[in-house]
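Down below is the structure, laid out as structure tokens.
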4 protein chains.
Amino acid sequence: MADEPKHVGRPKNEAASTALKQAAIMLVREQGYGVSITAIIEAAGVSRQTLYNRWATKAELVLDAFFEQAQTQVSTPDLEGDAPRRRLLAIYLREVFGHVNSDGELLRTLLAEAQIDPGFRKVFFERFVSPRAEIVIDLLRDAQARNEIDAARDPELMTSMLHGALWYRLLIDQPLTDDIADELAGEIFRGGR
Amino acid sequence: MADEPKHVGRPKNEAASTALKQAAIMLVREQGYGVSITAIIEAAGVSRQTLYNRWATKAELVLDAFFEQAQTQVSTPDLEGDAPRRRLLAIYLREVFGHVNSDGELLRTLLAEAQIDPGFRKVFFERFVSPRAEIVIDLLRDAQARNEIDAARDPELMTSMLHGALWYRLLIDQPLTDDIADELAGEIFRGGR
Amino acid sequence: MADEPKHVGRPKNEAASTALKQAAIMLVREQGYGVSITAIIEAAGVSRQTLYNRWATKAELVLDAFFEQAQTQVSTPDLEGDAPRRRLLAIYLREVFGHVNSDGELLRTLLAEAQIDPGFRKVFFERFVSPRAEIVIDLLRDAQARNEIDAARDPELMTSMLHGALWYRLLIDQPLTDDIADELAGEIFRGGR
Amino acid sequence: MADEPKHVGRPKNEAASTALKQAAIMLVREQGYGVSITAIIEAAGVSRQTLYNRWATKAELVLDAFFEQAQTQVSTPDLEGDAPRRRLLAIYLREVFGHVNSDGELLRTLLAEAQIDPGFRKVFFERFVSPRAEIVIDLLRDAQARNEIDAARDPELMTSMLHGALWYRLLIDQPLTDDIADELAGEIFRGGR
DNA sequence: AAGTAATCGAGACGGTACGTCTCGTCTTTAG
DNA sequence: CTAAAGACGAGACGTACCGTCTCGATTACTT
């Protein structure tokens with residue numbers, strides 16, 4: 001019977017949200033996560049309260065802004081087709097490496113914030129890390145089903161090694177090239193069977 | 001033949017340095033890296049300027065304090081002996097996992113700061129990450145020389161996978177057990193030869 | 001016809017201003033001009049920024065607080081009436097001496113600050129010294145018009161002597177009694193005509 | 001019978017005292033009394049402790065430095081001769097005005113410090129103000145004895161007016177010319193007899 | 001010649017205050 | 001209700017001085 005409240009008062013200005021997200025992503029890219037909230041609202045031409053009406057913390061704002069960007073979306077490998085899974089893994093890694101290379105600084109800073117703020121850590125891993133882990137785990141399980149790798153190995157551990165290598169090299173400023181992607185796939189599928 | 005300049009002026013009070021490092025490490029463990037400098041100097045019973053006379057930033061103080069602790073020191077595997085290198089690797093990983101498990105929060109927070117402050121990043125990796133990478137690379141090269149793993153594989157990439165898995169699991173709160181250590185060594189030495 | 005912009009944003013809390021002025025005047029009276037800004041804001045129960053939102057320096061705050069006090073206001077002598085000007089001058093001097101005696105320490109300290117800070121000096125003399133000088137100069141000119149003192153004498157110089165004597169005796173801790181006031185008036189009007 | 005203790009230990013380096021006084025007077029002239037002690041010892045090329053070995057406060061140092069300067073010494077009027085005392089007073093005032101004009105800023109700042117620090121106030125008035133007051137009082141008493149001014153008038157009050165006018169005009173940045181000096185003498189001796 | 005005592009430079013130290021900055025909340029007027 | 005503007009309490013930050021202290025070296029008098 002809920003009385004549809006319809007809507008009361010001045011409607012939210014969507015332009016304000018957009019301006020905030022754009023300002024946030026731009027300033028974080030420029031100056032790192034340390035930018036002040038004041039700087040963000042000034043760049044967005046928006047009042048302080050308007051920001052707090054939408055996001056409780058800087059981290060949530062930046063996360064939202066980050067995920068709105070297309071290049072954070074990975075394409076799921078086609079497990080219906082008949083391509084060798086080693087090849088699919090290499091393609092996937094190359095794609096992810098590309099994203100990371102173009103936005104490494106931002107990722108670094110989000111990862112840092114995730115270590116400091118447990119709430120943010122949860123969201124960051126749910127929305128960013130886990131989906132990617134799932135993709136790789138599925139791919140490796142499929143490879144086991146197709147007998148391309150040994151069924152006794154642990155797909156989750158292999159994923160730790162793959163994504164771990166990715167993060168590790170990002171954090172210590174080592175390159176993430178296509179060759180590295182191929183070699184990583186090779187390491188996992190080494191020995192065949 | 002340099003004329004040792006002896007020493008000029010009132011000598012630094014070593015007790016103040018020690019008190020600051022102890023207070024820093026204690027408070028960072030308790031409250032995370034976000035503790036205020038004010039809290040640290042109060043806990044140490046030291047003046048603000050005294051801290052700034054010794055360290056330019058909180059990061060440098062915390063880093064110094066951290067490295068003074070014994071449990072950050074790993075024992076280098078004995079490559080003189082005849083033990084299988086797979087076994088030496090597993091032992092090394094178990095030991096490192098132990099340190100990480102007992103000081104995970106602090107490591108997390110230092111890693112985060114390293115992402116934010118490039119100067120600190122450099123120091124952190126030079127003093128903490130690189131030495132560990134070197135140990136593993138040496139061990140793997142030795143294993144190749146002993147024909148325990150294929151000489152064509154890239155020891156540096158394998159190190160990325162091993163330490164990457166370690167950090168990755170730390171960052172996403174996955175367990176780092178002895179079993180995992182053994183499995184990781186198994187993955188690298190899989191197939192033998 | 002200027003479009004009154006009305007006012008935007010949260011208005012200043014007048015109570016905070018009042019509390020700051022009261023705290024300032026009280027503490028300066030107690031401890032001298034050297035009181036810390038911190039002590040003032042704590043006594044006023046107000047945040048540090050709130051003070052800086054209103055006054056740029058301690059001197060401006062104290063000056064405002066000082067001038068808000070009734071006892072700094074002198075009553076202009078009645079030059080419409082027919083009283084002897086010598087008598088009006090004596091009355092004026094007695095009144096001013098009274099103020100100075102009750103707030104000598106504060107005046108001393110403001111005068112000192114005026115010597116140190118040129119900006120404050122300007123304001124202090126515009127708001128405090130000049131109005132008083134004007135009153136006496138007007139009175140003396142009127143006395144000259146009424147032929148009570150020689151028209152050839154310089155009213156400005158006589159004012160220097162009168163107010164100078166006042167400050168001089170304040171600064172060297174000599175008494176400022178009603179008798180002195182009368183004698184000073186007597187010195188100026190000596191000889192009559 | 002006081003056993004002359006002779007002197008023990010390394011004697012004070014007189015050059016250090018001189019350098020400190022010169023640096024102090026120079027910097028106070030340049031930047032006002034607010035110069036830091038650190039700036040003074042650096043300009044003097046002397047250690048911090050050396051300053052404190054000689055003077056307890058900045059005020060005492062500056063005062064010493066100030067009084068060492070020749071132009072602070074006034075010549076006592078010749079009351080032996082037969083010159084009209086009005087003329088002697090005018091000469092004295094011209095001389096003092098000259099000193100004040102050439103060092104007004106420094107005097108201003110010393111006066112300010114005297115208001116803030118009661119100990120310094122005492123010294124300042126004993127060494128600077130009182131001797132000058134004495135000179136004028138003696139002169140005026142002599143004039144009374146010679147029947148040049150009325151014996152019933154109060155020499156001390158007249159001195160307050162004369163020196164008060166001097167300080168007042170200094171403090172409010174009004175000129176102190178030879179003409180003003182003559183006019184002041186004229187005011188005191190007005191009417192003759 | 002050895003001992004004693006004070007000075008000097010250099011600079012560390014605890015303390016206090018400063019003015020700026022950020023954060024997240026609150027209070028007003030306007031739409 | 002929402003927006004813009006900006007005041008507000010809280011409190012950290014890094015800097016500047018202050019006056020004292022500690023050290024090693026130096027310089028003189030005293031024994």
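First the proteins, then the strands, lettered A, B, ... as listed; each starts at 1. The basis for the numbers below is simple: all heavy atoms, side chains too, and nothing from hydrogens, waters or symmetry mates. Please read these numbers as outputs of a predicted model, since none were measured by experiment.
- The shortest distance between the side-chain N/O atoms of B/Thr50 and the OP1/OP2 oxygens of E/dA12 is not below 4.0 Å.
- For the pair A/Ile41 CD1 and F/dA7 P, the interatomic distance rounds to 13 Å; values are reported in whole Å.
- Taken to the nearest 0.5 Å, the CD1 atom of D/Ile40 stands 13.5 Å off from the NZ atom of D/Lys21.
- In this structure, CG of B/Leu51 is placed 11 Å from P of E/dC13, rounded to the nearest angstrom.
- Regarding contacts with the backbone of F/dG6, every side-chain N or O of A/Ser47 stays at 4.0 angstrom or more from both OP1 and OP2.
- Taking atom CG on A/Asn53 and atom P on E/dT25, their separation rounds to 11 Å, with Å as the unit.
- Here the straight-line distance linking atom CG of D/Leu27 with atom NZ of D/Lys58 works out to 10.5 Å at 0.5 Å rounding.
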Review item, side-chain donor-acceptor pairs of residues 31-39 of chain C, under 3.5 Å, at least two apart:
unit_1	atom_1	unit_2	atom_2	d
C/Tyr33	OH	C/Ala59	N	3.0
C/Ser36	OG	C/Ala39	N	3.0
C/Thr38	OG1	C/Arg48	NH2	2.7

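- Atom CZ of B/Arg10 and atom C1' of F/dT22 are 5 Å apart (whole Å).
- Between the NZ atom of C/Lys58 and the C1' atom of E/dT16 there is a distance of 12 Å, given to the nearest Å.
- Distance check, rounded to the nearest 0.5 Å: CG of B/Leu111 to CG of B/Leu107 gives 8.0 Å.
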Interface polar pairs with nucleotides 20-22 of chain E, N/O, under 3.5 angstrom:
unit_1	atom_1	unit_2	atom_2	d
E/dC21	N4	C/Gln49	OE1	3.2

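- To the nearest angstrom, P of F/dC1 lies 15 Å from CZ of A/Arg54.
- Within 4.0 Å (heavy atoms only), A/Gly34 reaches no atom of the nucleic acid at all.
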Next item on the list: For the pair D/Gln115 and C/Leu171, evaluate side chain to side chain contact (heavy atoms under 4.5 Å, CB included) and give the outcome as yes or no after the intermediate values.
Entry: CA-CA 7 Å; D/Gln115 302 316 308; C/Leu171 297 186; 3.3 Å; yes

Next item on the list: I would like to know whether D/Thr50 and D/Lys12 meet side chain to side chain contact (heavy atoms under 4.5 Å, CB included); could you show each step before the answer?
Entry: CA-CA 9 Å; D/Thr50 297; D/Lys12 282 198 169 77; over 6 Å; no

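- The stretch residues 12-28 of chain B comes close to DNA chain E through B/Lys12, B/Asn13, each having a heavy atom under 4.0 Å from the strand.
- Residues B/Val62 and B/Ile25 approach most closely at O-CD1, 4.4 Å, considering heavy atoms.
- Nucleotide E/dG15 holds its P atom 10 Å from the CD atom of B/Glu42, rounded to whole Å.
- Straight-line distance from the CD1 atom of C/Ile40 to the P atom of F/dG9: 16 Å, rounded to whole Å.
- Along DNA chain E, the nucleotide closest to C/Gly9 and the one closest to A/Ala56 are compared, and the more 5′ of them pairs with A/Ala56.
- Under a 3.5 Å cut-off, the side chain of C/Arg108 and the backbone N or O of C/Leu170 do form a donor-acceptor pair.
- The pair D/Asp173-C/Arg121 counts as a salt bridge, with a side-chain nitrogen and a carboxylate oxygen less than 4.0 angstrom apart.
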